[in-house]
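Take a look at the structure below.
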Amino acid sequence: MTTPALVALCAIGLVGLASALIGSYGVRMARSTSDFLVASRTVGPMANAGAISGEYLSAASFLGIAGLILREGADALWYPVAFVAGYLALLLFVAAPLRRSGAHTVPDFAELRLASPALRRTCTVFVLVIGWLYLLPQLQGAGLALTTLTGLPAWSGIAGAGVVVLLTVVGGGMRSITFVQAFQYWLKLTAVLVPALVVGSLFLNDTRTLDRPTSPQFVQATSVDVRTDVVLDVTEPVQVWVDGVVNGRVERGDLTWFSGRYEVGEGTTLRFAAGSAVPTVDGSPTTDRQWLEPMTGGAADQLLSIYSVLIAGFLGTMGLPHVLVRFYTNPDGIAARRTTVVVLGMIGVFYVLVTLLGALTRLYTPQLLVSGDTDAAVLLVPTAVLGHDWLGWLLGGLVAAGAAAAFLSTSSGLVVSLAGVLFTDVLRGRWTDFRLAAVLSIIVPFALALSVTRLDFALTVPLVFAVAAATFCPLLVLGIWWRGLTAAGAITGVLVGGGLSAVAVVLSLFSVVQQGWIGLLLYRPAVVTVPVAFLTMVVVSRFTRASIPRDVDRALMILHAPEQLGLSRDRFDRPGRS
Amino acid sequence: MVLAERKGVARPVRTVITIQESSGVGELLRRNLIGSQLAIALRFAIGAGLTLGLLPLLFAIVPEIGRVEVLGIRLPWLLLGVLVYPFLFGLGLWHTRTAEHLEQNFAETVQD
């Protein structure tokens, strides 16, 4: 194996080791949810915020956003903005009331608020769906990262990632405790801060600029292995050595590509000389100048896409299982709000740096535009900028460690949330081993990750947010703020919103999507599914007005009354605790 | 010492029962609290939503904005890549202060 591959693997291994050591030092591994939650309560809001941020910033944030910026330019900036805005929405509508309810999952909240077992079951199903859909791109991203760094085949990366998460959850105990998560946040931050500073300062000294009416250019002679079928857009004539299938014909040798579209088959190798123009993926901005400016591509399509991403992010964050569970680690509603604000700041800092890195990858790793592996951009920037020697390898190792931390923290958090839900709601104590639930919760996304072709984070992650936005967002928002919500309304709304989104997801993942509005809506369903879900919930609730729970006023006061009045619920209250 | 303690414990129970009643003063107070909290949450959400939501339209209608440079960075990148984060953070901070203030007022009113 090459040196950079070894360095990367060592870095990743160190992250795993450090996490395990920090977790065991001083604080014993939580053996039950209450242990974990109680342990988290003894930490101050800053450390807790660090932990929440650590779990929130997944591999998608770490790798996917930079890759998206590399390909789409200014239009890609909406993704991280949507994720952070979603956290603000969480603060505004959900933070304090949810904490006061004493619930730590959405099914819990649904039962406390509406006392309907059917609703609880429906919610459980969707928690699993959302969790699995969120795990899928994480596993695939980990697979891609390992493949990029070590050259091993894709499935081995996914297998390795899955095994590591499983071991972390099953072997080491229930969940990474606060300190481990917080450590991983600071590691991730360092892993983007240092490259951003390094690459940024090199860029300032670089005479090249991104303001060019031409395509990006290959910095050095580059060989690209095309791993999935891709359609390339060539604007300037470029010389390329081809070994594979282009436009349906088997080619081998030097070719000149004139402007136009070229369909390149999987398994083809392309070689470009230094300084030659980089072909871009069909549909993305082709010249660097276009890339710099927003709204490339048909304005109406682009607007629809952007608004859908904004809606999905803004409304979907509050529905993610691993985000909500962490809420309960706050001592009370006031602390919940304050911690959320700190998290808002912490993830904001992170995203600024990732945006900077992403922008610079256009200059330094343009070859990823051809292979379609843009999600790997952040990993390759260090060696591209500092060269293939120890400095580049060490920095690359740091970034790899950050990616590993990102993947591990979110995935293990998700697996534990899902295992908890499976254990209490589905297995119902029949199998007393929590570990079986953990295995079950990872098997499904694992199988999916191996069988579904890898889609960019940019496509899969917003889909997950869209499902959460159309199911749990209406439930939470209406449940917390509207007296008139009924169980029937809630169930119908969740099923309609979830069903529509699920259809969109399945079609997007498994079939070729048509062009035009239908295709766009399938990839970006939030703009339609969310309003429909809200409307359904409201309308059906009005129709079933008679079944509003009798203690609804009391329930609402529990959610909203200030702490001083002593109404909020705490599942794990010890006697004598105020 | 003891008297003060007992007083502190007894009061919340009485007011809690009052506000949990389904009618009268309790209901008014309750609706007032939830209503005002919802109002400020919506205000901030709409503020954030409008600001973020109008930007894509703006970029589409006035493409020249994409070419303006501030401090060497293109304006859209500065807005969406940097400034939006302190903006959202500031909104969050402001909302938390407002919500806590509201709750404090409510608690004082109810406990009188």
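Note on naming: letters A, B, ... go to the chains in the order of the sequence lines (proteins, then strands), and numbering restarts at 1 for each one.
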Minimum heavy-atom distance A:Leu303-B:Ala60, with the two atoms named: CD1-CB, 4.4 Å
Would a 4.5 Å heavy-atom cut-off, applied to side chains only, mark A:Tyr307 and B:Leu57 as touching? yes
May I ask you to test the A:Pro562-B:Leu102 pair for a side-chain heavy-atom distance under 4.5 Å? no
Does any backbone or side-chain atom of A:Ile306 lie under 4.5 Å from a heavy atom of chain B? Answer side chain, backbone, both or neither. side chain
If I measure from the heavy atoms of chain B, does A:Pro80 come under 4.5 Å with its side chain, its backbone, both, or neither? both
Residues pairing under salt bridge (charged side-chain N to carboxylate O under 4.0 Å, His left out) where one sits in residues 336-359 of chain A, two or more places apart or in two chains, turn out to be A:Arg337-B:Glu103, A:Arg338-B:Glu100
Heavy-atom contact with chain A under 4.5 Å, split by part of B:Tyr85: side chain
Could you look at A:Ile69 and say if it's the side chain, the backbone, both or neither that has a heavy atom under 4.5 Å from chain B? side chain
Given a strict heavy-atom distance threshold of 4.5 Å, which part of B:Leu91 is in contact with chain A: side chain, backbone, both, or neither? both
For B:Ile40, which atoms come within 4.5 Å of any heavy atom of chain A: side chain, backbone, both, or neither? neither
What part of A:Ala85 gets within 4.5 angstrom of chain B, counting heavy atoms only: side chain, backbone, both, or neither? both
Mind checking what makes side chain to side chain donor-acceptor pair (under 3.5 Å) contact with B:Arg43, not counting sequence neighbours? none
One should read off an interatomic distance between A:Phe93 CZ and B:His95 NE2, to the nearest 0.5 angstrom, of 8.0 Å
To the nearest 0.5 Å, tell me how far A:Leu92 CG sits from B:Ile46 CD1. 11.0 Å
For A:Trp78 and B:Leu55, what are the C-alpha separation, side-chain angles and deciding distance, and is it a side chain to side chain contact (heavy atoms under 4.5 Å, CB included)? CA-CA 10 Å; A:Trp78 290 105; B:Leu55 281 177; 3.6 Å; yes
Looking only at heavy atoms, what is the nearest atom pair of A:Leu88 and B:Leu88, with distance? CD2-CD2, 3.7 Å
I need the A:Leu91 CG to B:Phe89 CZ distance, nearest 0.5 Å. 10.5 Å
From B:Leu52 atom CG to A:Phe314 atom CZ, the distance as rounded to the nearest 0.5 Å: 7.5 Å
Above 12 or not: heavy atoms from other molecules or residues under 6.0 Å from CZ of B:Arg97? no
Roughly how far, to the nearest 0.5 Å, is CD of B:Gln37 from CD1 of A:Ile480? 11.5 Å
Measuring from B:Ile34:CD1 to A:Trp481:CH2, what's the distance to the nearest 0.5 Å? 8.0 Å
Heavy-atom distances under 4.5 Å only: say whether B:Ala48 touches chain A with side chain, backbone, both or neither. side chain
